[in-house]
Q: 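My questions all concern the structure below.
In this chain, residues are counted from 1 in sequence order.
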Amino acid sequence: MRRETIVRTEQTTRRSAIGWAILAGALMAVGVLTLWYVVDQRAHEHAGSSIDHAVHMNTLLIRQDADNRLLALGRLALRSVTDSHLSQADWDADAKQYLADMPGFETVQWITPALATRWAVGTGVTAEASGNDIATIPAVRAAIKSAQVDSSPLFSDIFGIDDPGGPRVAVIAPVFHHGEYEGVIAGVIEPGYWLESVIGELQNNDHHIEILLEGFPIYRFDAPGDTLDARETIRHPFASNGLGWEMRVTPTTSFLSAGHADASSLVLVVGMLLSGLTAAAVYFGFAARDRSHQYHDVALQLATLFRNLPGMAYRRNEDSTAPMAFVSEGCQALSGYPREVFAEGDKDWLDLVHSDDRERVTAIVQSAVSAGEAFEIKYRITDSDGKVRWMWERGRVVQSEANNDVHIEGFVTDIT
């Protein structure tokens, strides 16, 4: 009887020990799995941030280059009538220079009010480009009519969808002389070649990029040695100058697997944490160093981008009296003042606006902020040397998803 009691006691103790062991193992497994889930989510967030960065940079460059083409073609149209001695040879030289400065154009033509081609210059990208009468294209004719009514440069709808060379789009700038309509300066763009010249060099091997214009594919960048997984594709629609765009960004499998490798490494570190905190400290030290290098590379890319922009990019709080949250180095070329005076609040950009324009500028910006819309405005500033310059500014209201703060992001360039 006593022997049976001892046996039952040993069995109970063994079962209790096994139970505690299972419970401890289960708690450890839950803790490790919880940490793995958190780190895995961080890896996905990192991939999402990288995609957001690629989308933002490419969108900014496309919009800015499109605006630059409108401005430049408008100046060509103005030059075409203000020079009373302008010959066809002079106009051809100006048009060829425009084509050289703005890659992607196939032809630039001066079309008369009767919709006849007066003068034309082509790039040779399409053999017949300079000889085609583009005013016969319905989309171009509609854009010419709109440009005459609006008295400002604009983009046409796409056309040539079924052509072997793919879709095209035209830039139309009306020509007025002493109030009289003299026709338009029209340029035809091959969108794929255009985007290759604008954003082609910025792409890296972390993402696949595809861009659609009005639903038609016009540009594609595929990272070498990688198979595209459409399930990971992020679609970003946006509008620019009346045209509908869509950017599709897909992270490469190597980029995603690198993030998951970090997650797995952290799981192993947590497991080794019971053996010693030193291994965990070394891991987090290396992780911090690698992350610092990544942030440094991103900062260099952004710095290079903003240095190459022909003007000043900025980000500021909706309160116009607060210092700018960000201002690019282009502010010094525009105003003569270094970026520090605006970033530190020693001077506000509105202080430079000409007194005759300041009230109008403030009203337009405040109206756009209240409506949550974009704004576009031309005004004068007085630079550090006391010279008056004409500026063109485009901005929009941006609301932070993190804390619902409202900011204004925009770009300013000299159109003197």
Side-chain angles (χ1 to χ4, degrees), residues 53-76 93-109 120-130 134 153-156 158-160 163-173 185-214 216-224 236 238-249 301-311 313 328 330 394 411 413:
H53 170 73
V55 167
H56 180 72
M57 289 298 98
N58 286 318
T59 302
L60 175 65
L61 286 175
I62 291 172
R63 283 175 167 163
Q64 185 55 48
D65 194 77
D67 291 340
N68 287 342
R69 288 168 187 264
L70 289 176
L71 288 171
L73 196 64
R75 288 194 292 267
L76 180 61
D94 286 347
K96 288 178 180 178
Q97 185 61 50
Y98 180 82
L99 293 176
D101 293 339
M102 299 288 175
F105 275 98
E106 292 182 340
T107 180
V108 171
Q109 300 182 10
V121 170
T123 62
V125 175
T126 300
E128 300 82 9
S130 61
I134 64 174
L154 51 81
F155 277 81
S156 75
I158 63 173
F159 55 88
D163 291 349
R168 300 289 191 271
V169 66
V171 184
I172 309 296
I185 304 297
V188 176
I189 297 177
E190 194 283 296
Y193 183 43
W194 168 31
L195 293 187
E196 181 63 36
S197 68
V198 175
I199 65 174
E201 294 184 358
L202 289 180
Q203 308 314 319
N204 56 48
N205 293 335
D206 291 339
H207 306 96
H208 304 273
I209 304 286
E210 184 180 17
I211 298 178
L212 289 77
L213 178 59
E214 299 293 350
F216 295 94
I218 58 172
Y219 173 82
R220 186 179 188 91
F221 171 82
D222 285 315
H236 173 71
F238 65 97
S240 177
N241 294 292
L243 296 174
W245 299 75
E246 182 179 345
M247 186 176 304
R248 298 177 180 178
V249 182
Q301 292 176 9
L302 287 173
T304 301
L305 170 64
F306 286 122
R307 277 198 301 269
N308 292 333
L309 286 176
S328 69
R394 183 189 182 103
F411 183 82
T413 190

Q: Taking only residues two or more places apart in sequence, or in another chain, which ones meet Tyr219 in a ring-ring contact (aromatic ring centres under 6.0 Å, His included)?
A: none
Q: Could you pull out all residues at least two apart from Glu196 that satisfy salt bridge (charged side-chain N to carboxylate O under 4.0 Å, His left out)?
A: none
Q: Could you state the interatomic distance from CD1 (Ile189) to CE (Met102), rounded to the nearest 0.5 Å?
A: 9.5 Å
Q: Can you see which heavy atom on Leu213 is nearest to which on Ile158, and at what distance?
A: CD2-CG2, 3.5 Å
Q: Partners of Arg63 by side-chain hydrogen bond (donor to acceptor under 3.5 Å, both in side chains), sequence neighbours excluded?
A: none
Q: In Å, rounded to the nearest 0.5 Å, how long is the span from CG of Leu195 to CD of Glu190?
A: 8.5 Å
Q: What pairs with Asp101 under salt bridge (charged side-chain N to carboxylate O under 4.0 Å, His left out), at least two apart in sequence or on another chain?
A: none
Q: Tell me, please, which residues at least two apart from His208 pass ring-ring contact (aromatic ring centres under 6.0 Å, His included).
A: none
Q: Once side chain to side chain contact (heavy atoms under 4.5 Å, CB included) is applied, do any residues pair with Ala95, and if so which ones, sequence neighbours excluded?
A: Trp91, Val108, Val121
Q: Taking all non-hydrogen atoms of both residues into account, name the closest pair between Ile218 and Pro167 and its distance.
A: CG2-CG, 4.0 Å
Q: The criterion is salt bridge (charged side-chain N to carboxylate O under 4.0 Å, His left out); which residues satisfy it with Arg220, sequence neighbours excluded?
A: Glu210, Asp222
Q: Mind checking salt bridge (charged side-chain N to carboxylate O under 4.0 Å, His left out) for Asp94 and listing every partner two or more places apart, or none if nothing turns up?
A: Arg79
Q: Nearest 0.5 Å, what's the CZ-CZ distance between Arg394 and Phe411?
A: 12.0 Å
Q: Using side-chain hydrogen bond (donor to acceptor under 3.5 Å, both in side chains) as the criterion, list what pairs up with Asp65, not counting sequence neighbours.
A: Arg69, Trp194
Q: Of all residues at least two apart in sequence or in a different chain, which pass the side-chain hydrogen bond (donor to acceptor under 3.5 Å, both in side chains) check with Glu214?
A: none
Q: Taking the side chain as C-beta and beyond, is there a heavy-atom pair between Pro224 and Asn205 under 4.5 Å?
A: yes
Q: What closest approach, in Å, do Pro153 and Gly74 show between heavy atoms, and which atom pair accounts for it?
A: CG-CA, 4.1 Å
